[in-house]
Amino acid sequence: NWKEVIFEQIRQKYAQRYAKSNFRENFKRLLIHFQNTTGDFSTDMTDGKWYTSVNNVSKGYSLLFSLYMDPTHSKRLKEMTIEQIWKSDRVFQCYTLEDFTGYNTNMIDLTNRRKNLAKAEEES
């Protein structure tokens with residue numbers, strides 16, 4: 001029942017940076033997705049594909065790439081076992097541990113190449 005939701009109080013406490021005019025409708029949309037377990041709240045996190053093209057990557061791929069590109073998170077990942085990384089987020093667990101192990105190895109190579117390219121560009 002939307003009449004019972006105190007949108008302004010929620011916005012004041014958690015989302016002050018968002019415009020009042022958009023907040024109510026956007027928050028309703030999020031709540032509906034949450035109730036229906038759709039969108040970002042979907043229990044079906046993947047269609048089985050890790051990477052198909054530059055514009056079509058899984059949430060797991062995006063998350064792992066972001067983590068490895070961030071210096072702080074990358075350092076933390078290097079201290080973890082592959083199983084700990086796999087268990088750390090449900091988007092990783094959509095894939096078998098065996099598949100994820102290969103994805104992780106490839107991601108380490110990819111992000112290392114990207115970091116080296118960026119470093120080379122800065123030095124030149």
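Below, each value reflects all heavy atoms present in this structure, side chains not excepted, and no hydrogens, waters or symmetry copies. Position 1 is the first residue of the sequence; numbering continues from there.
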Glu83 versus Leu97, closest heavy-atom pair with distance: CA-CD1, 4.2 Å

Derivation and outcome, side chain to side chain contact (heavy atoms under 4.5 Å, CB included), residues Thr96 and Trp86: CA-CA 9 Å; Thr96 65; Trp86 180 70; over 6 Å; no

Heavy-atom closest pair (Met107 atom, Trp50 atom, distance to 0.1 Å) is CE-CZ2, 4.3 Å

Report, one line per pair, each donor and acceptor closer than 3.5 Å where one atom sits in a side chain of residues 3-12; sequence neighbours left out.
residue	atom	partner	partner atom	Å
Glu4	OE2	Asn1	ND2	3.4
Glu8	OE2	Arg11	NH2	3.4
Glu8	OE2	Gln12	NE2	2.8
Arg11	NH1	Gln16	O	3.3
Arg11	NH1	Tyr18	O	3.1

Residue list, side-chain contact (heavy atoms from CB on, under 4.5 Å) with Thr72, at least two apart or on another chain: Asp70

side-chain hydrogen bond (donor to acceptor under 3.5 Å, both in side chains), that's the test. Do Asn104 and Tyr68 meet it? Break it down for me. CA-CA 10 Å; Asn104 186 61; Tyr68 274 118; 2.8 Å; yes

Please step through side chain to side chain contact (heavy atoms under 4.5 Å, CB included) for the pair Arg113 and Leu110, ending with a clear verdict. CA-CA 5 Å; Arg113 285 194 310 268; Leu110 171 68; 3.8 Å; yes

Test side chain to side chain contact (heavy atoms under 4.5 Å, CB included) on Leu64 and Phe100 and set out the steps. CA-CA 10 Å; Leu64 195 60; Phe100 183 75; 4.1 Å; yes

Side-chain donor/acceptor of Gln35 to backbone N/O of Ile32, under 3.5 Å: no

Expected list for residues 20-31: side-chain donor-acceptor pairs under 3.5 angstrom, two or more places apart:
residue	atom	partner	partner atom	Å
Asn26	OD1	Arg29	NH2	2.6
Asn26	ND2	Asn22	O	3.2

Any sub-3.5 Å donor-acceptor pair from Ser88's side-chain atoms to Ile85's backbone N or O? yes

Is the ring centre of Tyr95 less than 6.0 Å from the ring centre of Tyr103? yes

Interatomic distance, CD@Glu121 vs NZ@Lys119, rounded to 0.5 Å, equals 13.5 Å

Who are the side-chain contact (heavy atoms from CB on, under 4.5 Å) partners of Leu63, not counting sequence neighbours? Leu67, Asp89, Val91, Phe92

How would you list, by chain and number, every residue that makes a side-chain contact (heavy atoms from CB on, under 4.5 Å) with Ser66, sequence neighbours excluded? none

Listed partners of Glu79 passing salt bridge (Lys or Arg N to Asp or Glu O under 4.0 Å), at least two apart: Arg76

